[in-house]
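Data first, discussion second: the structure below is written as structure tokens.
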Number of protein chains: 2
Amino acid sequence: MKKKRNEELAYEKVKRAIMLKKLNPDQRVTEEWLSQELKMSRTPIRSAFKRLESEGLLTLIPHRGAFVCNPSDKELEDVFRLRVVIERYAAELAIENMTDEDVVEMEKLLKRELEAYESKDFEAFLTINSLIHAFPAKLSNNTFLLQEIERLNQWSDCYLILKDEFYTIPTEEAKSIPEHHAILEAFRNRDVDKMCDEIETHLLSTLDDLSERKSIFS
Amino acid sequence: MKKKRNEELAYEKVKRAIMLKKLNPDQRVTEEWLSQELKMSRTPIRSAFKRLESEGLLTLIPHRGAFVCNPSDKELEDVFRLRVVIERYAAELAIENMTDEDVVEMEKLLKRELEAYESKDFEAFLTINSLIHAFPAKLSNNTFLLQEIERLNQWSDCYLILKDEFYTIPTEEAKSIPEHHAILEAFRNRDVDKMCDEIETHLLSTLDDLSERKSIFS
DNA sequence: AGCGAAGAAATTGTATACAATACATGAACA
DNA sequence: TGTTCATGTATTGTATACAATTTCTTCGCT
């Protein structure tokens, strides 16, 4: 395996730590502490922090330190509503450019999703979920669209995990499987309007579930 | 004036240099060279590079260096088409939340735009143009939407300049003034559909002008 | 006790030396 | 002549020492 730069390692480890809640929202993380923890100097840590900040996972305050992001419910909703708009657009373009092989490709993704769900592999499930949502954008042939969708998707994952006290694989994930199939069906039929609507329904349903689940504790 | 961090200075200077074409597309910029040029060590330069990369102005290749972005025509079009989708959404939300003062505010912006145009202050013109396009997003009350619009807008500005061999204040800018007024008018009348359409027309017209202008030389 | 200032401690910001890596150059060889 | 491999050079990557800045603490004053 190719040797990775420490900067890259630091980035991945911190991100993972945030996702797995080893680092809590609003927690302060100092360069010094992390450099001891990861057994490297502060230099690559600083670089990694920069990148994590640009992705919204950390907030850097000059001369103060790095703080793990702590998204509000409103922000979570904001992201999902923006995703609706952008992913609908991606669907439009995807259907314009699609071929029969793409349908097969999408079917494969859904199959992998099911497998991940059944083997309760939470991380794999998240990864495949991202791939599914990025799939139309991949066909769109619009680089920026893909980029934006991946960005927002990543945020969603992170926020989703951060906001939930006891995140494992909840029932909600089971629900998203038939919803993804509905999207696939519309895609197969090249039905733009249907596909857009299914995407909207799915995203808003996920958002609803999140709000609901949260309200148990609040 | 508060003393700025060198990292901040480096960021601003490089960005400006790219915008003013002191640095050409695809040009390689080494940390060493810039550190001598800006009379600071490589450390703050590296930080600045990271940020410029995340904004798409530079491409960083590990162990190779930093390269000034060189967007293709296709990418320019991609960005503008994505902006259409997102700014339309912003307009919808803006009209939901708007008050009478907001109309006054928008009028002020257009007045400032005209002033900048008449005094041929190109940089001011670009700045105000960005403010105008971000204005609906500001009213939208969706943080991410605003962020995305500002990002794409900044890209557009940069690409717009990079792609044009002899950029000053061309006639196209004059055209955008009445188009902005059409948007304002729809906004004043709280006419969502009209406002969305005017935004779309304006963005696509800008894109057309860019493609056309370019084709003179190609 | 409350307030303010001065200094101490903690932490990021910067400079610099050195290591690791990628690319270019050129020699050896077929 | 063309190809491969070793070596050299340029440039980024990393560690570390030190400077600058912010925050915390403590002490003195009212």
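Both backbone and side-chain heavy atoms feed into the values below; hydrogens, waters and symmetry mates do not.
A:R42 contributes no side-chain N or O that, together with a main-chain N or O of A:L34, makes up a donor-acceptor pair within less than 3.5 Å. Here the side chain of B:E96 pairs no donor or acceptor atom with the backbone of B:L93 at under 3.5 angstrom. Distance alone, capped at 3.5 Å, places no donor-acceptor pair between the B:E55 side chain and the B:L52 backbone.
Separating the CZ atom of A:F49 from the P atom of C:dG13 is a distance of 11 Å, rounded to the nearest angstrom. Rounded to an integer number of Å, the gap from B:E31 CD to C:dA22 P is 16 Å. Taking atom CG of A:L34 as the reference point, atom C1' of C:dT12 lies 14 Å away to the nearest angstrom. The interatomic distance linking B:I45 (CD1) with D:dT11 (C1') rounds to 14 Å, in whole Å. Note: CD (B:E53) to P (D:dT12) measures 13 Å, nearest angstrom.
Using a 30° and 60° split on the angle between ring planes, A:F135 and A:F187 fall in the perpendicular class, above 60°. Below 30°, between 30° and 60°, or above 60°: for B:H180 and B:H202 the angle between ring planes is above 60°, a perpendicular geometry.
Taking 4.0 Å as the cut-off between side-chain N and carboxylate O, B:E200 and B:R88 count as a salt-bridged pair.
Note that A:K120 lies in the cation-pi zone of A:Y117, set by a 6.0 Å cut-off to the ring centre and a 45° limit from the axis. In this structure, B:R83 satisfies the cation-pi test against B:F80, with its NZ or CZ atom closer than 6.0 Å to the six-membered ring centre and inside 45 degrees of the ring normal.
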Would you tabulate the nitrogen or oxygen pairs shorter than 3.5 Å linking the protein to nucleotides 14-17 of chain D?
from   : atom 1 : to    : atom 2 : distance (Å)
D:dT14 : OP1    : A:N6  : N      : 2.6
D:dA15 : OP2    : A:S41 : N      : 2.7
D:dA15 : OP2    : A:S41 : OG     : 2.8
D:dA15 : N7     : A:T43 : OG1    : 2.6

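Near-neighbour residues of DNA chain D inside residues 55-64 of chain B, defined by a heavy atom below 4.0 Å, number-ordered: B:P62, B:H63, B:R64.
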